[in-house]
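See structure below.
Note: hydrogens, waters and symmetry copies are ignored here, and every other heavy atom, side chains too, is used. Since this is a predicted model, take the numbers as computed values, not measurements.
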Amino acid sequence: MSPVPIPAASPAPSPAAIRRRLSVVADQTPDSPASARCNSSSPPPDVRGEASRSRKAAAKAGADIRGEVLLTLARLRLATPRQLKALLLPHQQDTDHVRRALRNLLEESPALVGRTHRAQQSYWHCTSAGLAEAAASGELAPTTGRATGKRIAASKTGLREHGLALVDTVIAFHQAQVADHADWRVEVPHPSPAGNLLPDGVVLLNNGTSAFVEIDRTMSYALLVAKLERYDAYRGAPPAGRGNTARPTRSHWQETYAGPLLERSFPPVLFVFAPARRRAAPDTREAVFHERARRVGSVDYQLTVATTTLHLLTEHGAGRAVWRVVGNHSSEERRTLVALPKAR
């Protein structure tokens, strides 16, 4: 999935403007007309007032999180109200506050978010104006070619399901407190002598290390192995730019992920197998991938590759023993992230 370039906003709003717009007051939803049709059997006025206060409280809560909703959509490209609630309001029983925040953003001029309806479900994404607004806040990591998510949300080729599976993976990491949802970057290009490497996601874990994350639903095993080989090639990719001549040349991954003292190993590559129609079950695909991937010479020595299924990940959590290491291991036991072997 290649990022779709977006038109630049002209002019881009200032950081002060984004802070104002991301924290606007709640929309003032009028009381329901039904409340005016009172008769002798109507509830007493104090009950009606309580309902009005409840609606206004919900409106305020929706306005309070509208900025976080916009930033989350800008980072992850698309999400459903349920997914946004799981990330931003996990203790809420329903999605009312999130939906109100989405409507608030949709009613801006120009609209900051858009939506697509499919099979009684709504899929939300940023518009170009919303991306410009979010970027101006200074809360997003700089990423070239950031896409709005509109094409993915409207896709009929499985791109939407792939994107939603990635968001479910983000939720599993977030709920397990392995990584905050704000510490993910989606489809960031990495240089590689074997061709451009575009991880589905790169996550900064809470222990300060990073990991590459790949979501598979329908990709052929040959393409999965080819992508793994691009990770191997990326290990030797030179750094971008001219670098610092006062110190030895480091590779791109060392400049980006190893830290100033090179104390960190090459980030693990984590594959999450998600269900797809007319495809083998995720656990079957995972097993076949292990057979193919262990033939890549660098696996087990220079690359740490681990797999799981989306079901295991969401059922047990990203921090539990749900990861199976690819390589010459006689045991098929699953490990936690912290127990994964380090790349050499």
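To the nearest 0.5 Å, atoms OG1 (Thr307) and CG (Leu313) are separated by 11.5 Å. Rounded to the nearest 0.5 angstrom, Ser128 OG and Leu112 CG are separated by 11.0 Å. Arg334 CZ to Thr308 OG1: the interatomic distance, rounded to the nearest 0.5 Å, is 5.0 Å. Atom CZ of Arg279 sits about 6.5 Å away from atom CZ of Arg285, to the nearest 0.5 Å. Remark: Leu105 CG to Glu133 CD distance equals 9.0 Å, nearest 0.5 Å. Atom CG of residue Leu228 and atom CG of residue Leu224 lie 9.0 Å apart, to the nearest 0.5 angstrom.
The backbone N or O of Gly201 sits nowhere less than 3.5 Å from a side-chain atom of Glu187 that would complete a donor-acceptor pair. The main-chain N or O of Ala179 is never found under 3.5 Å from a side-chain atom of Trp184 such that the two would form a donor-acceptor pair. A donor-acceptor pair is defined here as one N or O able to donate and one able to accept, closer than 3.5 Å; such a pair exists between the side chain of Lys227 and the backbone of Leu198. In this structure a side-chain-to-backbone donor-acceptor pair under 3.5 Å is present from Thr304 to Ala343. Checked by atom type and distance alone, the side chain of Ser192 never pairs as donor or acceptor with a backbone atom of Ala233 at under 3.5 Å. A donor-acceptor pair under 3.5 Å is absent between the side-chain atoms of Gln121 and the main chain of Arg118, judged by distance alone. In this structure a side-chain-to-backbone donor-acceptor pair under 3.5 Å is missing from Thr256 to Trp253. A donor-acceptor distance shorter than 3.5 angstrom exists from the side chain of His162 to the backbone of Ile215, with no hydrogens or angles considered. Between the His174 side chain and the Asp180 main chain, no donor and acceptor come within less than 3.5 Å of each other. Judged by distance alone, the side chain of Gln92 and the main-chain N or O of Leu89 form no donor-acceptor pair under 3.5 Å.
With a 6.0 Å cutoff to the six-membered ring centre and a 45° limit on the axis angle, Arg115 does not count as a cation-pi contact of Tyr123.
Two rings, from Tyr221 and Phe289, have their centers 6.0 Å or more apart. Side-chain rings of Phe271 and Phe212 stay apart, their centers remaining 6.0 Å or farther from each other.
No hydrogens or angles considered: nothing links the side chains of Asn206 and Gln177 as a donor-acceptor pair under 3.5 Å. Using a 3.5 Å distance cut-off with no hydrogens or angles, the side chains of Glu229 and Tyr234 do not pair a donor with an acceptor.
More than 12 heavy atoms of other residues, nucleotides or ligands sit less than 6.0 Å from atom CD of Glu263. Annotation for Arg320: atom CZ does not count as buried by contact number, only 12 or fewer foreign heavy atoms lying within 6.0 Å.
Summarising the geometry of Val325 relative to Pro341, their closest heavy-atom pair is CG2-CD, 3.8 Å, with the distance given to 0.1 Å. Here the closest non-hydrogen pair linking Gly114 and Leu106 is CA-CD1, 4.4 Å. Contact record, Leu223 with Met219: CB-CG, 3.4 Å, taken as the closest heavy-atom pair. Nearest heavy atoms, Thr314 versus His311: OG1-O, 3.3 Å. The heavy-atom pair separating Pro239 from Glu255 by the smallest distance is CB-CG, 3.6 Å. The heavy-atom pair separating Leu270 from Ala211 by the smallest distance is CD1-CB, 3.9 Å.
At a threshold of 4.0 Å, the pair Asp168-Arg82 counts as salt-bridged, since one of the basic side-chain nitrogens sits closer than that to a carboxylate oxygen.
When hydrophobic clusters are built by joining Ile, Leu, Val, Met, Phe, Trp and Tyr residues whose side-chain heavy atoms come closer than 4.5 Å, directly or via intermediates, Val225 is grouped together with Phe266. When the side chains of ILVMFWY residues are joined at heavy-atom separations under 4.5 Å, either directly or via intervening members, Leu204 and Leu140 end up in two distinct hydrophobic clusters.
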Give the C-alpha distance, both sets of side-chain angles, the deciding distance and a yes or no for side chain to side chain contact (heavy atoms under 4.5 Å, CB included) between Thr218 and Arg278.
CA-CA 9 Å; Thr218 60; Arg278 296 188 292 276; over 6 Å; no

I would like to know whether Thr72 and Trp124 meet side chain to side chain contact (heavy atoms under 4.5 Å, CB included); could you show each step before the answer?
CA-CA 11 Å; Thr72 301; Trp124 293 79; over 6 Å; no

Does Leu87 form a side chain to side chain contact (heavy atoms under 4.5 Å, CB included) with Ile171? I'd like the steps, not just the answer.
CA-CA 6 Å; Leu87 289 172; Ile171 292 171; 3.7 Å; yes

Might you work through the side chain to side chain contact (heavy atoms under 4.5 Å, CB included) test for Leu166 and Leu76, ending with a clear yes or no?
CA-CA 8 Å; Leu166 177 59; Leu76 303 180; 5.9 Å; no

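Residues Leu71 and Glu68 meet the side-chain proximity criterion, which asks for heavy atoms closer than 4.5 Å. Between Leu312 and Thr309 the shortest side-chain heavy-atom distance falls below 4.5 Å. Taking 4.5 Å as the limit, every side-chain heavy atom of Lys85 sits out of range of all side-chain heavy atoms of Thr80. Counting heavy atoms from C-beta outward, Leu88 and Val69 have side chains that approach closer than 4.5 Å. No side-chain heavy atom of Glu161 sits less than 4.5 Å from a side-chain heavy atom of Pro275. Leu197 has its side chain within reach of Tyr231: a pair of non-hydrogen atoms, C-beta onward, lies under 4.5 Å apart. Contact of the Trp323 side chain with the Thr336 side chain is not registered, since no non-hydrogen atoms from C-beta on lie closer than 4.5 Å. Within the 4.5 Å cutoff, the side chain of Ser210 has no heavy atoms near those of the Leu205 side chain.
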